[in-house]
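Below is one structure, written out as structure tokens; comments come after it.
These values consider heavy atoms only, across backbone and side chains, with no hydrogens, waters or symmetry-generated copies. Residues take their numbers from the sequence shown, with the count starting at 1.
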Amino acid sequence: MLIPHDTRIALDTVVDLVNTAPESEPPEDGPMDGLVDGHEDGLADLAALYAFAERHHISGVGTLGEKDLGAVRDVRSHFAEVFAAPDARSAADLVNRLVAAAGTTPQLTDHDGYDWHVHYFAPDASLSDHLAADCGMALAFIIVAGEQERLRRCEAPDCGRAFVDLSRNRSRRYCSSRTCGNRLHVAAYRARRREAGS
């Protein structure tokens, strides 16, 4: 699957954004300060939001406030719904609503040393609209290509992180083969050894 460079960057951004969310179920003893199910909210405060924008080289961020933080968290939850959508039509409806609300305005640009690419957000857009437009259009690219099933969650029972399966045969099951994949393979190997020894 051939994915343009700027689309790939936007897909990496949306995956990272979705993965900043804490788990939805609180631990048995109740939520701990900023923790849900042992996973911190990666966008717990404005400092984390600025760090996210810097990590993804998002230009024109300007001054951010609590309203921006809430709006980006809202966009994050809508992107999580896209990853959970049962079919392409449902995913497309979610993406359509996101990019329409962001006031999508495609324009060609070549800034900050990057070659020509498309920005889908309007000039001076808020960070949440920037993410909704650019990342939403990257997800639209996947849906239009008939590849919605590539938007996945890690199959490791204690993980569930989002990822885009870009393997040739759509066979990737884990967010990282080095961490979750290896850990589960080792656990399965040890279980087989225990069974063989009993």
Side-chain angles (χ1 to χ4, degrees), residues 1-21 41-43 46 48-153 161-167 170 175:
M1 176 176 192
L2 184 62
I3 300 177
H5 179 70
D6 53 322
T7 301
R8 179 61 188 264
I9 289 171
L11 288 172
D12 290 345
T13 301
V14 73
V15 164
D16 190 29
L17 180 61
V18 170
N19 288 333
T20 64
D41 186 336
L43 295 178
L46 285 173
L49 184 58
Y50 276 112
F52 177 87
E54 185 176 329
R55 184 167 64 248
H56 291 283
H57 309 288
I58 299 173
S59 59
V61 171
T63 303
L64 299 173
E66 290 297 325
K67 183 178 176 184
D68 296 294
L69 181 59
V72 170
R73 286 178 179 160
D74 189 47
V75 167
R76 173 180 72 182
S77 69
H78 290 299
F79 283 143
E81 291 177 35
V82 174
F83 275 80
D87 54 50
R89 181 162 305 282
S90 302
D93 289 344
L94 290 163
V95 169
N96 282 339
R97 282 189 298 228
L98 265 170
V99 297
T104 308
T105 310
Q107 58 183 331
L108 287 167
T109 183
D110 65 339
H111 61 88
D112 298 327
Y114 293 104
D115 216 350
W116 287 105
H117 58 284
V118 180
H119 279 183
Y120 292 98
F121 55 91
D124 300 321
S126 66
L127 179 57
S128 59
D129 283 347
H130 178 137
L131 291 168
D134 266 11
C135 296
M137 292 307 296
L139 292 173
F141 175 88
I142 296 293
I143 296 165
V144 166
E147 303 286 358
Q148 183 254 341
E149 71 275 7
R150 289 183 183 271
L151 305 177
R152 298 200 174 153
R153 291 287 188 160
R161 290 174 59 84
F163 68 93
V164 179
D165 178 6
L166 297 178
S167 66
R170 299 183 194 111
C175 63

Do Leu166 and Arg8 have side chains that get closer than 4.5 Å, going by heavy atoms?
-> yes

Val18 side chain near Arg153 side chain, heavy-atom distance below 4.5 Å = yes

Asp68 and Thr63, any side-chain heavy atoms less than 4.5 Å apart | no

Return each pair, listed once, that meets salt bridge (Lys or Arg N to Asp or Glu O under 4.0 Å) where at least one residue sits in residues 50-67; pairs must be two or more places apart or across chains.
-> Asp16-Arg55

Would you indicate whether the side-chain heavy atoms of Glu149 and Glu147 approach each other to under 4.5 Å?
-> yes

Heavy atoms only: give me the nearest Cys135-Phe79 pair and the separation to one decimal.
-> CB-CZ, 3.5 Å

For atom CZ of Arg170, is the number of surrounding heavy atoms from other residues, nucleotides or ligands below 6.0 Å larger than 12?
-> yes

Here the pair of heavy atoms bringing Ile143 nearest to Ala91 is CD1-CB, 3.7 Å

Check: Asp165 main-chain N/O paired with Arg150 side-chain donor or acceptor under 3.5 Å | yes

Does the Tyr120 side chain pair with the main chain of Ala102, one donor and one acceptor, at a distance under 3.5 Å?
-> no

Side-chain donor or acceptor of Thr109 paired with backbone N/O of Gln107 under 3.5 Å | no

Minimal non-hydrogen separation, Leu46 against Gly65, with atom names | CD2-O, 3.2 Å

How close do Gly103 and Ala122 get, heavy atom to heavy atom, and via which atoms?
-> O-CB, 4.0 Å

Nearest 0.5 Å, what's the CG-CG distance between Leu139 and Leu98?
-> 8.5 Å

Of all heavy-atom pairs linking Thr104 and Ala133, the shortest is OG1-CB, 4.2 Å

Any side-chain heavy atom of Ser77 sitting closer than 4.5 Å to one from Asp74?
-> yes

Any side-chain heavy-atom pair of Leu64 and Leu69 under 4.5 Å | no

Could you note down all residue pairs passing side chain to side chain donor-acceptor pair (under 3.5 Å) where residues 82-91 supplies at least one of them, sequence neighbours left out?
-> Asp87-Ser90

Report the residues that fulfil side chain to side chain donor-acceptor pair (under 3.5 Å) with Thr20, sequence neighbours left out, ordered by chain and then residue number.
-> Arg76

Looking only at non-hydrogen atoms, find the nearest pair between Ala162 and Asn19 and report the distance.
-> N-OD1, 2.6 Å

Check whether any side-chain heavy atom of Phe141 sits under 4.5 Å from a side-chain heavy atom of Leu11, and report yes or no.
-> no

Can you run down the salt bridge (Lys or Arg N to Asp or Glu O under 4.0 Å) pairs that involve residues 115-138, sequence neighbours left out, and say none if there aren't any?
-> none

Any chance you could lay out the side-chain contact (heavy atoms from CB on, under 4.5 Å) test for Leu17 and Leu43, step after step, and finish with the verdict?
-> CA-CA 9 Å; Leu17 180 61; Leu43 295 178; 3.7 Å; yes

Check salt bridge (Lys or Arg N to Asp or Glu O under 4.0 Å) between Arg73 and all other residues, then give those that pass, not counting sequence neighbours.
-> Asp41

Fit a plane to each ring of His130 and His119, take the angle between them on a 0 to 90° scale, and name the class: parallel (under 30°), tilted (30 to 60°) or perpendicular (over 60°).
-> tilted

Taking only residues two or more places apart in sequence, or in another chain, which ones meet Asp93 in a salt bridge (Lys or Arg N to Asp or Glu O under 4.0 Å)?
-> none

Going by heavy atoms in the side chains, are Leu127 and Phe52 under 4.5 Å from each other?
-> no

